[in-house]
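Labels below follow one simple rule: chain letters A, B, ... track the order of the sequence lines, proteins then strands, and each chain is numbered from 1. Keep in mind the model is a prediction, meaning the values are calculated, not measured.
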Amino acid sequence: MKTLHIEDLNKIREKAQAALVLREQSDSASSEQSCGLACGAKHMQLLCCGGTGCKASSSHKIVENLQKALEANGVADKVEVVTTGCFGFCEKGPIVKVIPDNTFYTQVKPEDAEEIVKSHIIDGKRVERLLYVDPKTKQHVSDSKHMDFYRKQVRIALRNCGLIDPENIDEYIARDGYQGLAKCLLELKPEDVIDIVSQSGLRGRGGAGFPAGSKWKHALAAKAEKKYVVCNADEGDPGAFMDRSIMEGDPNSVVEAMAICGYATGSNYGLIYIRAEYPLAVSRLRVAIAQARKYGLLGKNILGSGFNFDIEIRYGAGAFVCGEATALVHSMEGKRGEPRMKPPHLTDLGYMGYPTNVNNVETLANVPIIMTKGAEWFASIGTEKSKGTKVFALAGKINNVGLIEVPMGTTLREIIYEIGGGVKDGKKFKAVQTGGPSGGCLTEKHLDIPIDYESLKEAGSMMGSGGMIVMDEDDCMVSVAKFYLDFTVNESCGKCTPCRIGNKRLYEILTRITEGKGTPEDLETLKRLSEVIKETSLCGLGQSSPNPVLSTLANFYEEYVEHVKQHKCRAKQCKALLTYAVMPDKCKGCGACKRGCPANAIMGDVRKPHVIDPYKCIRCGMCKSHCKFNAIHVS
Amino acid sequence: MAKEIKLACNVIEQVEAICDKYGNQPGELINVLHEAQSLHGYLPEEMQRIIARKLHIPVSKVYGVVTFYSFFTMTPKGKHPISVCLGTACYVRGSEGLLEEIKRVLNIEVGETTPDGKFSLDCLRCVGACGLAPVVTIGDKVYGRLQPKDIKKILDEVAAND
């Protein structure tokens, strides 16, 4: 294989840009613009989301059907179907975007493909029923830039997601891909690269927010015959899928960043530690690595610079604690993923005893663009101490579930009410949980703080990897705390006592409270025990595991008191504290609840009000979900 | 005391071949287990003994790793493995109710398989289809936006399509 030089890379870029210019320019297309081949478009593209979320709604069938419809209508030579990464708007997925008129179709089904091709492509008429409806104005919106969901977003780490074909390295190169690596290898010394990363203010996106530049500096300073660069793709936070989407939508950005990191820290070996539960991300990374090797962008003498670097993939096997870097390294060595004391830091003593630099996926995805656009550009975005943007997986009781990226300093209110479109079904906002099992629940009073690492910590939560779950008045905060503790108890590695035993005790107390058996002393014990666990645990998991308890105690103390003293759950979530009854005035006697009741606890004749036997009732709520007349009362 | 080996000869050979492929390196234990499980569906005790012997490590170490990671299992899965997503997004949208209903309909607990071998039940943390929450996967298929009352119908359909 001949060595690829910078001139060759630029040639590939020029060639591939032709296809991408259409997509990039279409961003400025107006919604009034005519569409379709009938109106003079010579070449069109249909971008279809191929992320895990949309694939679950058969987006691969949509691609298949679009292709078939194009062929059947004889326009397959003029219109290209491209499978891209995640567009982010998962609530409305699967998404199909039409280029060049920038029409954004939502909730597309495989059977809609024919109509899109016939009506839009051939006749030039947009398929109105598939357009996004603005919830405020009730108007159809045909392009994404006029949607509240996208308006406030700044996409840096997600710059290529939903735009390029992740399985085609040429499209990545067309978006200035591997130019950052070329600049580093051909123009900069490793120290200069690290200086740029330090000046950009980039901090670890995995949760703790450690400055990436400082970590790299330590790794460079370590003296050893061999060093490793590791990409931490063990995203285990329940309800978070930022890293997965980046790997699925733009795998080359991770590959390029690892090579840059390798050059900067003096390492020739890269390892990606990824969850085995992410098959699509694994396969996209494999394709990216293979294509990069083929071009000589991985391997020996990259771009003729004399620098060698290659990447291997290692699989996790489902252990949340392996997101902790020392545990991750143990897992890669084929051992149980148990953390160890630091120091020595991994940058001194890591994988197989060699200095190892571990960075998170999102952190890495920012690196190539920092190299091409400069440290000042990146540092101009964000707040004083937290630079750049952050990707969040916005989910829970919110209208627009999806993957979003906003500048640091954006407020929670902007995220929830503008981008997220507010709380689902017009319910009242209660809390937002950030940072996953290590974070906390924030309330109405925190909505206006600008988000960064420091402000979230001060408010009693943390940035975490980027999960953001919105909760409404129907969520019981004691149950939420219990939910997270259940998770931690399962995932605790068991090495240190405070985490192994302490969290189990926390979980038992919380269970007792949700069953109406708690005592006022339990609340004191919860607090004291939480503090002990935080102070005495070995690793980040244990040190942060009581956060959901502490933050709900601080912000929703009255709910705990109600559970304990009045045996009442205001959100009607704690089954043991509920009674189900039929409201005779609303019951039509249809018998739907009786048929649906698994415990045979409902009696009554047809067309006469039914009755629930409280002794037989198992409080499963099936009657409520079967009743069409809203006649089941829960108290 | 060595237990009687009940695995078929060809399975033993295949597992040994996997170990050889990874150079019988103790550091490759997790990769070996991944391949062995995808070959056989689960990792019974005998198989762990074979792997321990090939990699020259105590069987306790293999067992320690198998039981540490939730991806590895020592019980055979059903023909249609069911996973209920208990990620936070699914949890707040009611996945616990789905889990209760599946347990009730199939009369099994989490981690168990129905006596006829058709269904096994597990929980997982986040499929990543949070827009479809709450989510249940059966085999490779993802079922989204479910309510407890949908469960019986879906399970009946899957069982009928066998």
Side-chain angles (χ1 to χ4, degrees), chain A residues 51-53 55-57 89-93 235-241 244-245 275-278 314-320 322 331-338 352 393 395-397 401-402 433 436 467 469-472 475 480 483-484 486-487 490-491 493 596 598 620-622 625-626, chain B residues 22 25-35 37-38 55 57 61-62 64-73 83 85-94 96-97 100-101 104-105 123-133 135 137 140-145 147-152:
Chain A
T52 291
K55 272 207 158 169
S57 310
F89 206 173
C90 305
E91 181 74 36
K92 297 287 174 197
E235 186 174 49
D237 177 354
F241 49 97
R244 197 202 63 216
S245 298
R275 293 177 72 183
E277 292 93 329
Y278 281 176
R314 290 298 163 100
Y315 299 103
F320 178 65
C322 291
S331 179
M332 286 201 307
E333 291 168 348
K335 299 176 188 157
R336 286 164 70 98
E338 289 172 349
M352 296 295 183
K397 305 277 183 63
V401 167
Q433 213 279 349
I469 311 281
V470 177
M471 296 168 197
D472 68 11
D475 287 305
V480 167
F483 165 79
Y484 280 113
D486 178 36
F487 179 82
N490 270 321
E491 296 296 341
C493 77
C620 65
M622 285 301 265
S625 86
H626 276 277
Chain B
Y22 286 99
Q25 290 293 318
E28 301 285 353
L29 177 59
I30 289 176
N31 286 333
V32 170
L33 291 173
H34 268 297
E35 277 206 31
Q37 182 164 304
S38 74
L55 269 50
I57 47 178
K61 208 188 152 200
V62 180
V65 169
V66 169
T67 51
F68 185 85
Y69 296 97
S70 63
F71 195 81
F72 298 132
T73 172
S83 293
C85 180
L86 285 186
T88 323
C90 284
Y91 174 80
V92 299
R93 287 196 184 179
E96 223 183 5
E100 291 301 320
E101 181 62 8
R104 196 188 64 75
V105 172
C123 296
L124 55 77
R125 307 279 179 178
C126 203
V127 186
C130 304
L132 301 174
V135 163
T137 64
D140 293 335
K141 195 164 159 52
V142 180
Y143 295 84
R145 299 199 169 104
Q147 288 188 12
K149 65 176 178 193
D150 304 326
I151 293 293
K152 190 154 183 356

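Of the two parts of A/R336, the backbone and the side chain both hold a non-hydrogen atom closer than 4.5 Å to a non-hydrogen atom of chain B. Within the 4.5 angstrom heavy-atom criterion, only side-chain atoms of A/T52, from C-beta onward, approach chain B. Contacts between A/E91 and chain B at a heavy-atom distance below 4.5 Å involve backbone atoms as well as side-chain atoms. For B/E101, the part sitting under 4.5 Å from any heavy atom of chain A is the side chain, from C-beta outward, and nothing else. Proximity to chain A is limited to the side chain of B/K61, based on heavy atoms less than 4.5 angstrom apart. Proximity to chain A (any heavy atom under 4.5 Å) is restricted, for B/P26, to the backbone atoms N, CA, C and O. The part of A/A240 that comes within reach of chain B is its backbone (N, CA, C, O), which places non-hydrogen atoms under 4.5 angstrom from that chain. Heavy atoms closer than 4.5 Å to chain B are found nowhere in A/K92, neither backbone nor side chain. With a 4.5 Å cut-off on non-hydrogen atoms, A/N490 touches chain B through its side chain but not through its backbone. If you measure heavy-atom distances from B/T137 to chain A, you find no contacts under 4.5 Å at all.
Annotation: side chain of A/R275 is not in contact with side chain of B/F71 (no heavy-atom distance under 4.5 Å). A heavy-atom distance below 4.5 Å is not found between the side chains of B/R125 and A/E277. Taking the side chain as every heavy atom from C-beta outward, A/S331 and B/I30 approach each other to under 4.5 Å. You'll find the side chain of A/C620 stays beyond 4.5 Å of the side chain of B/E100, heavy atoms only. A/C322 is listed as a side-chain neighbour of B/Y69, based on a closest heavy-atom distance under 4.5 Å. Between B/E28 and A/R314, some side-chain heavy-atom pair lies under the 4.5 Å cut-off. At least one side-chain heavy atom of A/Y484 sits less than 4.5 Å from a side-chain heavy atom of B/T88.
Counting heavy-atom pairs closer than 4.5 Å to chain B, the top residue among A/S245, A/G467, A/G334 is A/G334. Taking chain B as the reference chain and counting heavy-atom pairs below 4.5 Å, the highest number among A/A317, A/G53, A/G596 is found for A/A317. Ranked by heavy-atom pairs shorter than 4.5 Å toward chain A, the options B/G97, B/G87, B/A133 are led by B/G87. For the options B/R104, B/K152, B/K141, heavy-atom pairs under 4.5 Å to chain A are most numerous at B/R104. With respect to chain B, the highest number of heavy-atom pairs below 4.5 Å among A/G337, A/A56, A/G621 belongs to A/G337. Interface check for chain B: of the options A/F241, A/F89, A/Y278, A/F320, the most heavy-atom pairs under 4.5 Å are formed by A/F241. The most heavy-atom pairs under 4.5 Å with chain A, out of B/V92, B/L33, B/V127, B/V32, come from B/V92. Considering only heavy-atom pairs separated by less than 4.5 Å from chain B, the leading option among A/H626, A/M622, A/E338 is A/M622.
Between A/V401 and B/R93 the shortest heavy-atom distance is CG2-NH2, 3.2 Å. For the pair B/A89 and A/A395, the tightest heavy-atom approach, listed with the atom from each and the gap, is CB-CB, 3.5 Å. Minimum heavy-atom separation, B/H34 to A/A276: CE1-CB, 3.4 Å.
Below 30°, between 30° and 60°, or above 60°: for A/F483 and B/Y91 the angle between ring planes is below 30°, a parallel geometry.
The local environment of CD in B/E96 is sparse, with at most 12 non-hydrogen atoms from other residues, nucleotides or ligands closer than 6.0 Å.
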